[in-house]
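So the structure is just underneath, and the comments pick up after that.
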2 protein chains.
Amino acid sequence: MAVANAAVKIPLQAPAAEKRVRNRAATEQAILDAAKRLLAEEGFQNFGINAVARGAGCDKQLIYRYYGGLNGLVEAIGTDLGSWVADRIPDDTGGMFLLTYGDLMERLSLLFLDALRADPLMRRIVAWEVSESSEQVRRLSEARSRALAGWIERMRGSLAPPKGVDAQAVNAMIFAAIQHIVLASAVSDQCAGLVLKNGRDWEKAATALKRIVRGVYG
Amino acid sequence: MAVANAAVKIPLQAPAAEKRVRNRAATEQAILDAAKRLLAEEGFQNFGINAVARGAGCDKQLIYRYYGGLNGLVEAIGTDLGSWVADRIPDDTGGMFLLTYGDLMERLSLLFLDALRADPLMRRIVAWEVSESSEQVRRLSEARSRALAGWIERMRGSLAPPKGVDAQAVNAMIFAAIQHIVLASAVSDQCAGLVLKNGRDWEKAATALKRIVRGVYG
DNA sequence: CTTGCTATTCACCGCCCGGTGACAGATTGG
DNA sequence: CCAATCTGTCACCGGGCGGTGAATAGCAAG
């Protein structure tokens with residue numbers, strides 16, 4: 001009764017309903033999309049040539065041809081990141097008047113918190129950043145950093161931080177806190193003993209964040 | 001003059017100067033040490049049965065026999081973590097009188113910052129925690145969390161947080177900030193645009209941290 | 001010495017990975 | 001029509017992984 005030949009292939013991906021059309025641009029896009037999807041959903045751990053090719057429903061050879069391998073593909077993701085960020089974080093003040101630097105930082109913090117919570121790809125990239133120091137991830141990290149810095153710069157306008165406070169260091173701390181708390185919660189629904197499951201939990205976190213910002217910038 | 005047989009073994013690890021003595025306890029310890037060393041130095045990415053066995057200079061079969069596989073070994077690392085923490089973070093107040101909750105949190109923050117900076121194993125574990133949600137890492141995470149909570153509890157003594165502040169949430173933010181900034185700096189010498197190379201850079205970070213704590217707790 | 005027991009090693013399996021060379025079908029230009 | 005080119009597929013390689021069954025080397029008691 002045993003199956004004669006062991007190698008029964010299971011069609012894991014791309015049920016083949018749609019026939020592959022010969023179209024390089026579309027294939028490139030499919031590969032890039034698959035890469036982003038895979039990274040966002042599975043994380044960087046199982047991110048590889050074979051997995052991306054499977055996800056894109058094409059042969060891995062095409063990834064070498066069109067992107068020059070994984071490195072090039074990751075770089076392409078990085079290039080996308082700019083517009084990606086711009087699409088997901090509002091650029092205006094949301095109809096509020098930001099009178100003080102404290103107003104600004106409070107708003108930036110909360111926006112960044114929500115944006116990161118809602119963006120699995122960005123989360124995976126941040127997790128990657130703190131886990132590995134390869135050239136690949138460094139490029140990605142720089143792209144992300146640039147996009148973020150640009151956003152902050154645009155929002156800042158002409159507001160200047162108060163004297164006597166090392167705003168750069170303090171802000172780095174604040175953004176670090178946001179990133180870590182979001183990463184930790186995405187993986188285990190808690191961070192340093194603080195449960196972060198439902199909306200009420202996150203309200204507490206947001207309140208704490210505001211308190212910290214206001215404590216420093218008034 | 002070529003060597004007849006191709007398989008010239010290069011003695012990568014354990015130069016064989018010391019002959020393996022038949023001693024189960026010692027071997028178990030060697031395996032555990034190798035695992036911790038490997039995890040601390042290489043990170044969780046290439047952490048596996050084969051690598052640990054190589055590092056310990058013994059056969060991987062022994063890891064299965066003595067620890068029941070990688071899971072058991074990781075669990076053993078977790079068990080160690082309690083004493084590990086106790087050895088590395090001072091338990092007393094360092095001769096200072098902590099009069100207020102702000103005093104306490106300032107001191108805890110700085111101690112934790114330094115301890116984490118000095119402990120690569122702990123850093124790798126934290127990075128692991130935010131990158132993967134397997135059962136393995138969950139155990140490790142819990143062990144770390146417990147050890148840390150115990151330490152804080154011991155240090156806290158009878159000091160109570162001020163009313164009107166959600167100390168748990170705020171503290172989670174503060175510890176999150178510390179963890180992320182240390183992780184990021186360990187990998188890329190910077191975090192959110194803030195350079196963190198030499199001691200002066202870290203003084204800035206510490207000052208910012210104090211400012212944040214004092215801003216909240218006075 | 002022989003008989004066990006225990007610690008340790010060895011050989012091997014199947015699997016998936018990254019990477020490459022050769023091939024097949026469509027499209028285009030002369 | 002043929003030839004060149006482009007897009008896409010396939011088969012294969014070496015290597016490392018996790019995992020397992022069997023053999024071997026040292027010790028201890030009888």
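Below, chains carry the letters A, B, ... as their sequence lines are ordered, and counting in each starts from 1.
- Taking atom NZ of B:Lys60 as the reference point, atom P of D:dG21 lies 13 Å away to the nearest angstrom.
- Annotation: of the two residues near DNA chain C, A:Ile49 and B:Arg24, the 5′-most nearest-nucleotide partner is B:Arg24.
- Under 3.5 Å, the side chains of B:Glu75 and B:Asn71 contain no donor-acceptor pair of N or O atoms.
- The distance from atom CD of B:Gln61 to atom P of D:dA22 is 12 Å, rounded to the nearest whole Å.
- One interatomic measurement links the two molecules: CD of A:Gln45 to P of D:dC17, which rounds to 15 Å at whole-angstrom precision.
- Here the P atom of nucleotide C:dC12 and the OH atom of B:Tyr64 are 19 Å apart, to the nearest Å.
- A:Tyr64 and A:Asp59 share no donor-acceptor pair across their side chains, judged by distance under 3.5 Å alone.
- Using a 4.0 Å cut-off between charged side-chain N and carboxylate O, A:Glu142 and A:Arg138 make no salt bridge.
- Rounded to an integer number of Å, the gap from A:Leu62 CG to C:dA24 P is 17 Å.
- Judged by distance alone, with hydrogens and angles left aside, B:Arg22 brings a side-chain donor or acceptor within reach of the base of C:dT6, the pair sitting under 3.5 Å.
- Atom-to-atom, CZ of B:Arg65 to C1' of C:dC10 comes out at 12 Å; the value is rounded to the nearest Å.
- Remark: A:Thr27 is not in phosphate contact with D:dT7, judged by side-chain N or O atoms under 4.0 Å from OP1 or OP2.
- Counting to the nearest Å, the C1' atom of C:dC15 and the CZ atom of A:Arg54 are 12 Å from each other.
- The CG atom of A:Leu140 sits 4.0 Å away from atom CD1 of A:Ile125, with the distance rounded to the nearest 0.5 Å.
- Between A:Asn50 atom CG and D:dC10 atom P the separation is 14 Å, expressed in whole Å.
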